[in-house]
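What follows is one structure encoded as structure tokens, with my remarks underneath.
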Amino acid sequence: MPRFTDLPDLALRTFGGSVVAASDESFAEKENLIRPGRPAFRAETFGHKGQVYDGWETRRRREPGHDWAIVRLGLPGVVRGVVIDTAWFKGNYPPHASVEAAEVGGHPSPAELGAARWTEIVPRSGLEGDAEHHFDVADSARYTHIRLNMYPDGGIARLRVHGEVRQDLSVYDGLSLDLAALQNGGLVTACSNAFYSSPNNALAPGLARHQAEGWETARRREEGNEWLVIRLAGRGLVTLAEIDTTNLLFNAPGWLSMTGLDGDQETELLPRTRLQPDTPHRFRLAPAGPVTHVRVDIYPDGGLARVRLHGHLA
């Protein structure tokens, strides 16, 4: 698996992504492209349009051209890689696809997006049926929208757009914000164990619906403890931590501590503190100077549904 898949999916619906327009969606809805989770399929499940697919499927094209879908990224940023998944599409997948990107400010309409300046980030490439296709992206520009082109028609189950968040934080000048949030540019840069689920889940927007939507480690059998390091959205003063163990009934950590990192300097933000299972916790943090990273230690192991670190940009 390419390393870019460790980065957040900027297009994911649960991160605020939206499929704002498509040339056609006669057989299966465009919104399925960015749904979380693996595509599902039940053979011989027919609706009034034919076999039901958990993906985006267009009609059989009888005129020149190709089909396309435009996705507004929930997390604007630098795209490092794209996954085009044709799962379950075996006799109706497109033989080729390409991906374009654009940066459009404000809240553009589909017509305005159609007239935008688009940059090709994945050239026209061959596809196979019922397969994941991984494409590295070398472009370092910031983008807000993605256009998926398929040639000429057919079905694609999922589109994943992995990258690094580059949010415009100027709206927060002088205001408090969650410095750890994925949508603001926070990112887990190191983690001791991610056996069951990604540590970046703990920085995701919204509430975790079940324990798989948080971060959970394997059971630790040796001395020590598990930990993660969060790169904040910007160097800032962290004043309040929200630590949520919701849905973690028998696998929540027993304790937690937090350390602020700024270059070679380390500052204790929260001493080792008792946690409860299936509980949202709020802690006022010790006064400290600006930090760029926060290390969260859990003892000895377990999981966290969400980590919120509120404060001000320095």
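Bear in mind that the values here come from a model prediction, so they are computed numbers and not experimental data. Reckoned from all heavy atoms, side chains included, excluding hydrogens, waters and symmetry mates.
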Can a donor-acceptor pair be found between the side chains of [X] and [Y] at a distance below 3.5 Å?
{"X": "T58", "Y": "D153", "result": "no"}
{"X": "D178", "Y": "H310", "result": "no"}
{"X": "S23", "Y": "D67", "result": "yes"}

Look at [X] together with [Y] and state whether they make a salt bridge at an N to O cut-off of under 4.0 Å.
{"X": "R38", "Y": "D85", "result": "yes"}
{"X": "R220", "Y": "E226", "result": "yes"}
{"X": "R61", "Y": "D24", "result": "no"}
{"X": "R306", "Y": "E242", "result": "no"}

Using side-chain heavy atoms (C-beta onward) and a distance below 4.5 Å, is E164 in contact with R80?
yes

Would you say that Y299 contacts P253 through its side chain, given a criterion of any heavy-atom pair below 4.5 Å between the two side chains?
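No, side chains not in contact.
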
Listed once per pair and sorted, the salt bridge (Lys or Arg N to Asp or Glu O under 4.0 Å) pairs that draw on residues 227-236, sequence neighbours left out:
R235-D262

Check for a donor-acceptor pair, side chain of [X] on one end and backbone N or O of [Y] on the other, with a separation under 3.5 Å.
{"X": "N225", "Y": "P300", "result": "no"}
{"X": "N200", "Y": "V188", "result": "yes"}
{"X": "R160", "Y": "P8", "result": "no"}

Hydrophobic cluster membership, V294 vs W255, 4.5 Å side-chain cutoff
no

H145: what forms a side-chain hydrogen bond (donor to acceptor under 3.5 Å, both in side chains) with it, not counting sequence neighbours?
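Per chain and number, H145 pairs via side-chain hydrogen bond (donor to acceptor under 3.5 Å, both in side chains) with no residue.
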
Name every donor-acceptor pair, under 3.5 Å, that has one atom in a side chain of residues 205-214 and the other anywhere in the protein, sequence neighbours excluded.
residue	atom	partner	partner atom	Å
R209	NE	E213	OE1	3.4
R209	NE	E213	OE2	2.8
R209	NH2	E213	OE2	2.4
H210	ND1	A212	N	3.4
Q211	NE2	E216	OE1	3.4
E213	OE1	R209	N	2.9

